[in-house]
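Quick notes on the structure that follows.
These numbers come from the heavy atoms of this one structure, side chains and all, not from hydrogens, waters or symmetry mates.
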Amino acid sequence: MSGLVAVCGLLLLALVLSLVLKKDAPVIAFLLTLTAGVLILLYGFDMVRHAAQQFSALLEQGGITGSLYLPVLQAVGIAVIVRIMGALCRDAGQSALAAKVEIVGAVLALSVCLPLFEQVLDLLAAWTA
């Protein structure tokens, strides 16, 4: 809970400073929000790593192999990265670039899920045979 308070404090500080600087120094305001975002993500990576380890342990206890859930986790990771990059592009006034990043992200998410689709088809073929 204290981690959430620290993240929210950093976020509010960055937002207030960005709003103050936006009129006179928009580039500095953008760099400030970009830096705050990076710091927040770096802080969150440790929590994500810990949660991923717990998630993997639970799935292994249930007998679910990594080949079943790894594509889903990769697709979620791609979605998070694309969302952040799209927001950064929009903040910089590049909506068209944000749309292109989102299209590429959708294609990548589908491509990492192809092995999962193959496993589902193999399971269906074995079940119907």
For [X] against [Y], the heavy-atom pair lying closest together:
| X | Y | value |
| --- | --- | --- |
| L32 | L21 | CD2-CD1, 4.4 Å |
| L88 | F30 | O-CE1, 3.9 Å |
| V112 | A109 | CG2-O, 3.2 Å |
| G86 | A98 | O-CB, 3.5 Å |
| G105 | I78 | O-CG2, 3.5 Å |

Are [Y] and [X] connected into the same hydrophobic cluster when the rule is that any two of I, L, V, M, F, W, Y join if their side-chain heavy atoms are below 4.5 Å apart?
| X | Y | value |
| --- | --- | --- |
| L12 | L17 | no |
| I81 | L34 | yes |
| L116 | F55 | yes |
| L39 | L41 | no |
| L97 | V104 | no |

To the nearest 0.5 Å, tell me how far [X] [atom1] sits from [Y] [atom2].
| X | Y | atom1 | atom2 | answer |
| --- | --- | --- | --- | --- |
| M85 | R90 | CE | CZ | 12.5 Å |
| C113 | E118 | SG | CD | 11.5 Å |
| I103 | L108 | CD1 | CG | 12.0 Å |

Q: State, yes or no, whether a side-chain contact exists between L10 and Y43 at a heavy-atom distance under 4.5 Å.
A: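 Side-chain contact under 4.5 Å: no.
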Q) Is there a donor-acceptor pair closer than 3.5 Å between any side-chain N or O of R83 and the backbone N or O of A79? A)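 Between the backbone of A79 and the side chain of R83 there is no qualifying donor-acceptor contact (under 3.5 Å).
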Q | Any donor-acceptor pair under 3.5 Å from S18 side chain to L15 backbone | A |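 Between the backbone of L15 and the side chain of S18 there is no qualifying donor-acceptor contact (under 3.5 Å).
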(Q) If you count heavy atoms of other groups shown closer than 6.0 angstrom to CD1 of I28, is the number above 12? (A)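 No - once you tally the heavy atoms of other residues, nucleotides and ligands closer than 6.0 Å, there are 12 at most.
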